[in-house]
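Here's the structure, in structure tokens; my notes come after.
Numbers restart at 1 for each chain; the letters A, B, ... are given by sequence-line order, proteins then strands.
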Amino acid sequence: MPELPEVETMVRGLRGVLPGRRLRRLEVRDPSLLQGCTATSLMRRMRGGTVADVGRRGKWVVIELEGDVGLIVIQPRMTGGFWLIEPDRPEHIRLSFHLEKPDATIWYCDARRLGKVSWYQDAAVAETAFGRSHGPDALRIDRDDLAGRLARTSRGIKPTLMDQKVLAGIGNIYADETLHRAGLHPERPSSSLSADEITRLHRAIGEVLARAIELEGSSFDAGYRTVLGLEGGFLAQNSVYGREHQPCPSCARPIRKTRIAGLIGRPTYYCPTCQVIPPSTSRSR
DNA sequence: CGGTTACCCTGGATGC
DNA sequence: TGCATCCAGGGTAACC
């Protein structure tokens, strides 16, 4: 579920609590999430460690420990999330961070278990691993870098925006919102965008993500919540995602829901009036 | 190599 | 109520 704004919200929540705290014990309740390390080795390493910092790389949550303890990287994927409080006691707990002074527990939960947890020796090793599968962070990429990356591919602009190797952090919701804000059809070949369109798109990415972070991300159903168990407010103010048949905020014509090439089984929402493919760049369908 | 699809998992919503 | 079906915010291996 979580895309950049949801992960950023998790990280901000954790950052208020974890840095400086000593970890009495890390409990791995579901070893199948671990990548490249065993539950025993991870628990042994973490025991007694002190958290130095919590950060975000794309959609990764990075928890760095002091000394040579290394760092834990958590990829929440679709349904992963953290809980700082006990509403009842969350379901689907996969990791428990048992803190001390005062005693407290932070849970990492993941209903669908698609998320991943890994351990890295140090920040440089983690950075290298990240770089192998990711481009620049969507909040930091500059306009010309984005332009160069789009020029290199003819696939639809939406699958390209969601490709973490191109830029890191955008998923299905924010791709749709960004493209609507920029007035671009999701199937426009990436390399067909004009300089002006790229500038618009770059600006829309920054604006949409910043707004979503302010509103603490997007919640629906029983999915994503902030670390305090609260719903994010973005989907109450967004333009297209999840709004099939509802009026476009710009032109009031109905939003359309569809499926597009390159994105298997995932919905795409757009405004057929505000987001059109110019005749010169249309592809046969 | 670029682009696309199958598949990983499971809970919740919807429909009959 | 019970059961079947569909749906989902991500990512990667494998395929054409």
Item to check | Distance between P atoms of B/dC9 and C/dA4 (Å, rounded) | outcome: 22 Å

Checklist entry - Just checking, is any N or O donor in the side chain of A/D196 or A/S194 under 3.5 Å from an acceptor N or O on the other one? => result no

Next on the checklist: I'd like to know if A/R112 reaches the base of C/dA8 with its side chain, counting only an N/O donor and acceptor under 3.5 Å.
Outcome noted: yes

Next on the checklist: From the set B/dG12, B/dG3, C/dT12, return the single nucleotide nearest to any side-chain atom of A/E91.
Outcome noted: B/dG12

Checklist entry - Between A/W107 and A/F82, does the ring centroid distance fall short of 6.0 Å? => result no

Checklist outcome for this item: For B/dG2, the nucleotide meeting Watson-Crick or G-U wobble distances (both under 3.5 Å) is C/dC16

Next on the checklist: Tell me the closest heavy-atom pair linking A/A126 and A/L71, and the distance in Å.
Outcome noted: CB-CD1, 3.6 Å

Checklist outcome for this item: Which of B/dG11, C/dA8, C/dG11 is nearest the side chain of A/I264? It is C/dG11

Item to check | Spacing of A/M162 atom CE relative to B/dG3 atom P, expressed in whole Å | outcome: 16 Å

Checklist entry - Taking OP1 and OP2 of C/dG10, is either one under 4.0 Å from a side-chain nitrogen or oxygen of A/Q75? => result no

Checklist entry - Would you say the base of B/dG2 and the side-chain of A/R155 have a donor-acceptor pair closer than 3.5 Å? => result no

Next on the checklist: Base, sugar-phosphate or nothing for A/S219? Non-hydrogen atoms, less than 4.0 Å.
Outcome noted: base

Checklist outcome for this item: note: A/D110, atom CG; C/dG10, atom P; distance rounded to Å ~ 13 Å

Checklist entry - To the nearest angstrom, how far is A/L161 atom CG from C/dG10 atom C1'? => result 16 Å

Item to check | Given A/L23, A/L95, A/L18, the one that forms side-chain contact (heavy atoms from CB on, under 4.5 Å) with A/I106 | outcome: A/L18

Item to check | Same-atom distance (P) from C/dG11 to B/dC1, integer angstrom | outcome: 23 Å

Checklist entry - Over how many whole Å does the gap from A/Q164 atom CD to C/dG10 atom P extend? => result 8 Å

Item to check | Euclidean distance, atom CZ of residue A/R266 to atom P of C/dT12 [Å, nearest integer] | outcome: 12 Å

Checklist outcome for this item: Note: for A/H92 and A/R152 on DNA chain B, the residue whose nearest nucleotide lies more 5' is A/R152

Checklist entry - Would you say the side-chain atoms of A/Q237 pair up with the backbone N or O of A/F234, donor to acceptor, closer than 3.5 Å? => result no

Checklist outcome for this item: note: A/L114, atom CG; C/dA13, atom C1'; distance rounded to Å ~ 15 Å

Checklist entry - Picking from C/dA8, B/dG3, C/dG11, which would you name as closest to the side chain of A/Y241? => result C/dA8

Checklist entry - Within less than 4.0 Å of OP1 or OP2 of B/dG2, is there a side-chain N or O belonging to A/K165? => result no

Checklist outcome for this item: Correct closest heavy-atom pair for A/A212 and A/Y174 would be CB-CE2, 3.4 Å

Next on the checklist: When you measure from the side-chain N and O atoms of A/T153 to the phosphate of B/dG3, is any distance below 4.0 Å, counting only OP1 and OP2?
Outcome noted: yes

Next on the checklist: Regarding A/G115, tell me which of base, sugar-phosphate or nothing describes its non-hydrogen contacts under 4.0 Å with the strands shown.
Outcome noted: nothing

Checklist entry - What is the distance, rounded to the nearest whole Å, between atom CG of A/L263 and atom P of C/dC7? => result 16 Å

Checklist entry - Hey, which of these two, A/R94 or A/P159, hits DNA chain B nearer its 5' end, going by closest nucleotide? => result A/P159

Next on the checklist: For the aromatic rings, using the six-membered ring if either is Trp, is the centroid distance between A/Y270 and A/H180 under 6.0 Å?
Outcome noted: no

Checklist entry - Does A/S154 place a side-chain N or O at less than 4.0 Å from the phosphate oxygens OP1/OP2 of B/dG3? => result yes

Item to check | Per A/K59 side chain, nearest of listed nucleotides B/dG11, C/dA8, C/dG11 | outcome: C/dG11

Checklist entry - Nearest to the side chain of A/A111, which nucleotide is it out of B/dC9, C/dA8, B/dG11? => result B/dG11

Checklist entry - What nucleotide, of C/dG10, B/dC9, C/dA8, holds the atom closest to the side chain of A/R113? => result B/dC9

Checklist entry - Taking atom P of C/dG10 as reference, at what distance in whole Å does atom OH of A/Y224 sit? => result 14 Å

